[in-house]
Amino acid sequence: MELADRAVGFLLSLTSISIFTYYTFWVIILPFVDSDHFVHQYFLPQEYAILVPVFAGMVLLCFLCVFVGFVMLKSKKKKA
C-alpha cells in the first residue's frame with residue numbers, strides 16, 4: 001500500500017506543479033509577449049485567468065458546504 005500512496009502523492013504533486021506553472025506563465029509572463037507570437041495559441045484569453053479560479057473556488061465551496069451539511073445530518077441522526 002505504501003507504494004500506491006507514494007505514486008498517488010507523486011501524481012498529485014506533479015499535477016499541482018504543472019497547473020501552477022501553466023497559470024503563472026499565463027498570468028504573469030504572457031502579457032509581456034507579443035500578441036502575434038505562436039505561444040498565445042496554447043492559452044485561453046486573459047479574461048479567463050480570473051474566471052476559471054473564481055469558478056473553481058465557488059465549486060469547491062459548494063462541495064464543502066454540501067459535505068458539512070451531510071456530516072451535520074448524520075451526526076444528528078446518531079444522537080437521536
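Atoms considered below: every heavy atom in the structure, side chains included; atoms not considered: hydrogens, waters and symmetry mates.
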Are there more than 12 heavy atoms of other residues, nucleotides or ligands under 6.0 Å from atom CG of Leu64? yes
From Leu14 CG over to Ile19 CD1, what is the distance, rounded to the nearest 0.5 angstrom? 10.0 Å
Cluster check Leu61, Val59: I/L/V/M/F/W/Y, side chain < 4.5 angstrom: no
State plainly whether one hydrophobic cluster holds both Leu12 and Phe63, where clusters connect Ile, Leu, Val, Met, Phe, Trp and Tyr through side-chain heavy atoms under 4.5 angstrom apart. no
Say you draw a straight line from CD1 of Ile17 to OG1 of Thr24; how long is it, rounded to the nearest 0.5 Å? 11.5 Å
Could you state whether Phe55 and Val27 fall into the same hydrophobic cluster, counting links through intermediate Ile, Leu, Val, Met, Phe, Trp or Tyr residues with side-chain heavy atoms under 4.5 angstrom apart? no
Would you say the side chain of Phe67 lies within less than 4.5 Å of the side chain of Phe70, judging by non-hydrogen atoms? no
Cut-off 3.5 Å, no hydrogens considered: what does the side-chain donor-acceptor table look like for residues 31-48, sequence neighbours left out?
| unit_1 | atom_1 | unit_2 | atom_2 | d |
| --- | --- | --- | --- | --- |
| His37 | ND1 | Val39 | N | 3.3 |
| His40 | NE2 | Val33 | O | 3.3 |
| His40 | NE2 | Asp34 | O | 3.0 |

